[in-house]
Amino acid sequence: MNLEKIAQYKEDIDKKLTSAKKKVRFASNMRLLFALGIIVSVAEYFRRDMIVLLGLAIVFLLAFSYFVSVFTKAMESVRFLETKLVILDRYEARLSNKWQSFSDTGDWYEGLSDPLSEDLDLFGEYSLYQYLSVAHTSAGRQCFAKTLLGQSDEDLKLRQEAVKELIEDDAFALSFEAMGYQFNDRKRKREEEAEKELIAYAKDNSPVPPFFLPIALGMPLLTLAAIGLGVMGILSPLYPICMVLAQIGLTVIFDEMLAKERDIILSFVERVKGYEDRLDLLRKKDYQSTRLKEMKADLDNVAKGIKKLQSIAELWQWRENFLFYWIVCGVFAWDFNLLLSLRRWKKGYGTSFEAWLSWIAKVECYLSLGVLGRIYPERTTLPTIIAQDTPYIKVEEGYHPLLNPQTVVSNSYEQSGEMVIITGSNMSGKSTFMRMLGLNTVLAYAGGLVAAKSFVVSPMAIFTSMRVRDDVSQGISTFYGEILRIKRAVSYASEKKPMLVLVDEIFKGTNSKDRILGAKAAITKLSKPWIVGIVTTHDFELADMVSDGEIIGKNFHFEEHYVDDEIKFDYTIKTGRSQSTNAKHLMRIAGLLDREEG
């Protein structure tokens, strides 16, 4: 889905939107016309007492009802097409490097404080989650967040197959996301809370108070009988009025018991419609991958079940109208009957409901994992996960997925179980390179496409120490925080399980003598055949550990060059140790050093 294709989609949608808006205006005008016809016909009927006028009023009423339906469907079409345009704008923002304004940053996720998340920008502003997420349900957002952190119990190969299949259908992805998108953040949050409550409610088997059934069945019958007898003159009009007031009174008395379930449904009613459309879309599509075929089988009874829930939700909406409230609650014991209907629905579909929403969540996750491949089909790939005990990673033309695609530099790299020391000047690309490897590995393990021409990796636990912060509340300095990070990696290394360890500017928070001493000890402990270890540093003494034979590993570096005293970088990794530094030059540029100093 490149910019040219997005423009074409927008052009097609604009045409449909123009047509839909014309239909809305026409239906609105016809609705008003027939409403006036009803009023005039009824008025003339009472004035002239001509039965033909009453018949005409009924015809006008039927026509009015028809155009109300046409208007409603046309408005739904307008809203859907407008939402599609918003979704296309979001894809366009990703391609134009303007996605940083997306409101869902993932900063709500409980795993936000995880070192991996902090170091690799998995969640929060300018994060991988913010960039990729097309999930708009609470369950979908949770599913995608957990999958990024490797907390999904789903088979990786099956998830890869599903992601790959869904990438091939832009129209499906666009429609599916548009059906679940909510413009208003506050409303979205309310709906998400209602979603969680409804899932919990669907699994709740607590019984309805036994006296609700006679109220629901008996009171409407007695009220209708009293109204009928009152019309025939057999009973005083006072009796049906008393029955109506009695039902209203019972609704008020038991409102606290009724309100909890009613409020869940009412706050969820619009989302139920969205679920109905999305589940219908999922059910009607043909699939090739195993996981999506399983989904289609699980959704076999979804159409009937979700329509019943939608019907209950819409009927409960009626009582929000002041006039309808007195009719439906005063005559038909509305809240009591709908509560019983909801309980019958729960008995028939409650256990299936969470599974239905779970599939929506999983498809949102699959689509999120495929976003990179959808917008950059020529610059992304589905990684190869090789099942072997020895650690291995190989990337061809890999790049940082969150950087501006117009300027980002690609690198190719290969490493097995050994330690690599990367030296280089400030701002030359060392940290970005490590994050490129880390982020693409996270995406690979999640089942998504990666930002590379090709990517091969074996299963490894990922440990990072890159963006360490102090914690005043715990009395932890930046330096001690880094010690704890590296200690955690060293402890895991004793289990001799495959690891990917990324350490940026090791022990930078202390003096050079202690830093070199501590770094050498840590590097030695992490220099194992079951560890793909990468450490960046400005201390050439650490690079000498390779050349002096203290560890088995390699040296790589990034470098700078100067044009008219202006520092330039190519951001390309090269073999061997760095031979230059740029700290003094940068300090001179900042005015901290005079030309003759240093």
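Sequential numbering from 1 along the given sequence is applied to the chain's residues.
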OH (Tyr287) with more than 12 external heavy atoms under 6.0 Å: yes
Distance-minimising heavy-atom pair for Glu276 and Lys307: OE2-NZ, 2.9 Å
Worked verdict on Phe212 versus Leu217 for side chain to side chain contact (heavy atoms under 4.5 Å, CB included): CA-CA 9 Å; Phe212 272 28; Leu217 299 179; over 6 Å; no
Cation over ring face, Lys308 and Tyr349, 6.0 Å, 45°: no
Closest non-hydrogen atom pair, Val442 against Leu120: CG2-CD1, 4.0 Å
Tyr131 versus Pro401, closest heavy-atom pair with distance: CE2-O, 3.4 Å
Nearest-0.5 Å distance that lies between atom CG in Leu340 and atom CD1 in Ile312: 10.5 Å
Test salt bridge (Lys or Arg N to Asp or Glu O under 4.0 Å) applied to Arg159 and Asp155, step by step: CA-CA 6 Å; Arg159 189 163 61 244; Asp155 182 84; over 6 Å; no
Glu294 side chain reached by Thr290 side chain, heavy atoms, under 4.5 Å: yes
Under-4.0 Å salt bridge between Glu76 and Arg79: no
Heavy-atom neighbours of Lys362 NZ exceed 12 at 6.0 Å: yes
Cation-pi geometry met for Arg278 and Tyr275 (6.0 Å, 45°): no
Approximate separation, where rounding is to 0.5 Å, of Phe176 CZ and Leu281 CG: 7.5 Å
Cation-aromatic face contact Arg379/Tyr399, 6.0 Å, 45 degrees: yes
Whether over 12 other heavy atoms sit under 6.0 Å from Asn404 CG: yes
Polar side chain donor-acceptor pair, Asp121 to Tyr129, under 3.5 angstrom: no
Parallel, tilted or perpendicular: rings of Trp356 and Trp345 (30°, 60°): perpendicular
Least distance between heavy atoms, Ser96 atom then Leu3 atom: OG-CD2, 4.2 Å
With Glu92 via side chain to side chain donor-acceptor pair (under 3.5 Å) - residues at least two apart: Lys10
Within 6.0 Å of NZ in Lys285, more than 12 heavy atoms from elsewhere: yes
Phe64 vs Ile38 side-chain heavy atoms within contact, under 4.5 Å: yes
Interatomic distance, Cys143 atom SG to Glu154 atom CD [nearest 0.5 angstrom]: 7.0 Å
Heavy-atom closest pair, residues Cys365 and Thr147: SG-OG1, 3.5 Å
Centroid separation Trp108 to Phe123 less than 6.0 Å: no
Distance-only donor-acceptor check, side chains His136 and Glu364, under 3.5 Å: no
Nearest-0.5 Å distance that lies between atom OH in Tyr366 and atom CG in Leu292: 6.5 Å
pair Cys329-Gln247: side-chain heavy atoms closer than 4.5 Å: no
Validation row: Leu61, Tyr66 side chains within 4.5 angstrom (heavy atoms): no
Minimum-distance pair of heavy atoms, taken over all atoms of Gly373 and Leu449: CA-CD2, 3.6 Å
Gap separating the CZ atom of Phe34 from the CD1 atom of Ile39, nearest 0.5 angstrom: 14.0 Å
Arg141 versus Ser133, side-chain donor and acceptor atoms under 3.5 Å: no
Geometric cation-pi criterion Arg31 and Phe71, 6.0 Å radius, 45° cone: yes
Non-neighbouring partners of Arg90 that pass side chain to side chain donor-acceptor pair (under 3.5 Å), sequence neighbours left out: none
No-hydrogen, no-angle side-chain donor-acceptor test under 3.5 Å, Ser28 and Arg25: no
Validation row, ring centre Phe211 to ring centre Phe254 under 6.0 Å: yes
OG1 on Thr83 to CG on Leu88, rounded to 0.5 Å: 11.0 Å
Any side-chain heavy-atom pair of Leu132 and Leu443 under 4.5 Å: yes
Modelled atom types, side-chain donor and acceptor of Thr105 and Gln130, under 3.5 Å: no
